[in-house]
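Read through the structure below, which is laid out as structure tokens, and then see the notes.
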Amino acid sequence: MPQDAFTLRLNARELNSTLVGGKINKINQPEREEITFLIYTGKQVLKLTLNVNASDCGVYFSEAVKENPAVAPNFCMLLRKHLLNAELKEVSLVGFERILAFRFFCVSDFSSTEKILYAEIMGKYSNLVLTENGVILGALKTTTIGENCKRLIFSGAKYEFPEPQDKVDPTDYPALFTLLKDAPRDNLAEFLFKHVRGIAPVTAENIVKWYDGEGIFAKHVYDYLFSNEITACVNERDFFARFEDGATLFPTLSAAQAYFYGRKGKEKEIAAIKRKLSAAVHSGVKKQEKRLAQILQKQSDCKDAELDRIKGELLTANLWKIEKGSRGVEIENFYEGGTVKIALDPTKTPSENAQSYFKKYRKEKRTLEVLAPQEEETKSELQYLESLSAAAEFAKDKEDLTALEEELISAGLLKVQNTKKKKETNTPFRSFEKGDFRILAGRNNMENDKLVRSSKPDDIWLHAKAYHSCHVVIKTEGKKVPDEVLLFAAEICAQYSDGKGDKVPVDYCEIKFVKKPPKSKPGFVVYTDYKTILTSKPN
């Protein structure tokens, strides 16, 4: 993102024109690397966000609501001590560096003084530092004397700006002219980025893009960097202070940043929730796989049950031939032909050895009888967990994940995070329109069951064949469903499935042919009288 000096200079102009004269009403720290000021400008109260997270650093107005910690962090308390009710006198860019200076006029019962909050917007080196008369009062990220660092950032130390890069300062036009008069025309944007201070690669690319080859290039660079024109916009990758092809325009640079970082924050939140839910499902899968492995091992241990029965019968039929105290005997096997060697316990009589084999057979048989339904149950549970894993994979928004989270809590795979009773949400089905038909899709297995139960007998039900997918229902309202509507619904079904390949088979039938077996897992149904349609999975 272009958080360079070029963008920050324009950002400072916007903030300065809006906030100068405003007073700080509230200061909060909702996240570890984010401070918010509520500033009363005389006309309105604005929330200013100062974020120094490495990937989200920026200064902009925001209306996003975030929960503040019960106990304010130390730096937040420091800012409250020094800046509450302070008047903002100026917002400016320091030189042509990625530093914004907020100058405050602070009045107490005994004195009045100027304090400066520096917002260093420098990627992973971003920081907030409060100073008075050039001395640091406190910083969000501090260093110690023992650390091997170029700058000392702690209370009482002299505040020094970061060491400037070995590049030309574009505010020095003669130096800029000298640098660019013989600049290579190949890879000119890269040359600008490497040799001119305070500009990001995307800014350098735009400078070159808007140069028509006429006039002095240094003057074009200077005019571009120090023009006050702002056409703020956002595309899929970044926000920009100047117009970008295919980007969405915003009234202010701050609004563009707030939208961009808000969208990015939602994406991060969704990714974090998805990781949490996927981890819970994975834990459940590992547990069931371990259980299944134990069941299979026990079944393997009992695989010779029939042979033990045969040995017992052969011993019983040949008791008269076996001497007491023998450790083994070889007897004709009249079941399968040939002979079979049978180990014996020399401390037992031949009859007792035979009964031992019968006892072992009965135990193994009972074990196999108990294990059979356990194996079926475990495999059913694994199949159910696979459907949850698929649902987590193709969840696209917070509503999808909220519905899935509720199912995981209901299934005992996830614990409620707080002791307060969780408020039930009424998450709607995914809803689509095609022609005159309404199409609904479940967000999780529980919703799939609810969708089936709430549909009418002549509604059309769809599900990916041999894959995990959402249940889709076309609400027919007694009308015949055209092929294009059926295909559209099948594409929805394929989109929210783990089907692979260019074509995904989707089964469809009327709801009256869809049945849910008693005591079956959520989302599991059986169906008849169906047809299959092949459809492409949307990208």
Side-chain angles (χ1 to χ4, degrees), residues 270 273-274 277-278 281 383-384 386-408 410-411 424-477 479 481-500 503-516 520-527 530-539:
I270 287 173
I273 296 173
K274 187 177 287 192
L277 300 185
S278 296
V281 174
Q383 189 175 18
Y384 172 63
E386 287 171 2
S387 74
L388 294 178
S389 181
E393 182 180 348
F394 51 69
K396 288 182 166 53
D397 53 37
K398 199 170 181 180
E399 287 73 19
D400 290 354
L401 293 169
T402 299
L404 180 59
E405 183 179 26
E406 290 174 354
E407 182 173 354
L408 292 182
S410 177
E424 286 191 9
T425 58
N426 185 20
T427 310
F429 302 120
R430 298 187 185 99
S431 182
F432 306 88
E433 300 284 340
K434 182 67 174 178
D436 296 331
F437 291 86
R438 190 161 62 103
I439 301 169
L440 303 178
R443 295 177 184 272
N444 63 6
N445 290 306
M446 296 172 68
E447 276 199 5
N448 290 336
D449 285 350
K450 184 178 177 181
L451 181 58
V452 171
R453 288 196 307 268
S454 62
S455 297
K456 295 180 179 179
D458 59 348
D459 288 339
I460 302 300
W461 174 87
L462 303 94
H463 190 279
K465 187 182 187 71
Y467 291 109
H468 296 294
S469 82
C470 66
H471 292 207
V472 176
V473 170
I474 304 172
K475 309 300 286 185
T476 63
E477 304 295 341
K479 298 177 290 187
V481 178
D483 290 344
E484 60 269 19
V485 175
L486 187 63
L487 181 61
F488 179 76
E491 288 175 349
I492 295 170
C493 196
Q495 180 180 2
Y496 293 101
S497 77
D498 57 1
K500 303 294 190 293
K503 295 291 184 180
V504 177
V506 175
D507 291 340
Y508 66 95
C509 64
E510 293 182 343
I511 281 285
K512 62 186 176 184
F513 298 118
V514 180
K515 306 297 179 186
K516 183 169 182 63
S520 60
K521 286 288 182 182
F524 181 80
V525 295
V526 293
Y527 54 96
Y530 64 90
K531 296 181 181 179
T532 304
I533 184 173
L534 284 175
T535 183
S536 300
K537 187 172 184 178
N539 295 326

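Only a predicted model underlies this, so the values are computations on that prediction, with no experimental measurement involved. Numbering starts at 1 and runs along the sequence shown. Just so it is clear, the values below take in all heavy atoms, side chains as well, and ignore hydrogens, waters and symmetry mates.
The distance from the CD atom of E399 to the CD1 atom of I270 is 8.0 Å, given to the nearest 0.5 Å. For the atom pair I533 CD1 and L487 CG, the distance stands at 5.0 Å (nearest 0.5 Å). F429 CZ to I439 CD1: the interatomic distance, rounded to the nearest 0.5 Å, is 14.5 Å. We find the CD1-SG distance between I492 and C470 to be 8.0 Å, quoted to the nearest 0.5 Å. For the atom pair CG of L404 and NZ of K274, the computed distance is 10.0 Å after rounding to the nearest 0.5 Å. H468 NE2 to E386 CD: the interatomic distance, rounded to the nearest 0.5 Å, is 4.5 Å.
Shown here for A490 and T535, the closest heavy-atom pair between the two residues is O-CG2, 3.6 Å. The heavy-atom pair separating S431 from L440 by the smallest distance is OG-CD2, 3.8 Å. Here the closest non-hydrogen pair linking V472 and A441 is CG2-CB, 4.0 Å. Considering every non-hydrogen atom in both L451 and G442, the closest pair reads CD2-N, 3.9 Å. The minimum heavy-atom distance linking N444 with A403 is given by the pair ND2-O, 2.5 Å. Closest of all the heavy-atom pairs between K515 and K512 is NZ-O, 3.3 Å.
One finds no salt bridge joining E477 and K479 here, because no Lys/Arg side-chain nitrogen approaches an Asp/Glu carboxylate oxygen to under 4.0 Å. The existence of a salt bridge linking D397 and R443 is confirmed by a sub-4.0 Å separation between a basic side-chain nitrogen and an acidic carboxylate oxygen.
The aromatic rings of Y496 and F394 stand perpendicular to each other, their planes meeting at an angle above 60°, with 30° marking the opposite boundary. Between W461 and H463, the angle of the ring planes stays under 30°, which puts this pair in the parallel group of the 30/60° scheme.
With N445 as reference, E407 is the one residue of E407, H471, K450 to meet the side-chain hydrogen bond (donor to acceptor under 3.5 Å, both in side chains) rule. Considering D498, L277, V281 as possible partners of S389, the one that fulfils the side chain to side chain contact (heavy atoms under 4.5 Å, CB included) test is V281.
Between F524 and S387, every side-chain heavy-atom pair lies at or beyond the 4.5 Å cut-off. L462 is listed as a side-chain neighbour of L486, based on a closest heavy-atom distance under 4.5 Å. Counting only heavy atoms from C-beta outward, the side chains of V514 and C509 approach each other to under 4.5 Å. Within the 4.5 Å cutoff, no side-chain heavy atoms of R430 are placed close to those of K396. For the pair F488/F432, a side-chain contact is recorded, criterion being any heavy-atom separation below 4.5 Å from C-beta on. Using a 4.5 Å heavy-atom cutoff, the side chains of P457 and I511 are not in contact. Contact check for K475 versus F437: no side-chain heavy atoms found under the 4.5 Å cut-off.
Applying the salt bridge (charged side-chain N to carboxylate O under 4.0 Å, His left out) criterion to E491, with sequence neighbours excluded, gives no partner residue.
Under a 3.5 Å cut-off, the side chain of S497 and the backbone N or O of A494 do form a donor-acceptor pair. A donor-acceptor distance shorter than 3.5 angstrom exists from the side chain of D449 to the backbone of G523, with no hydrogens or angles considered.
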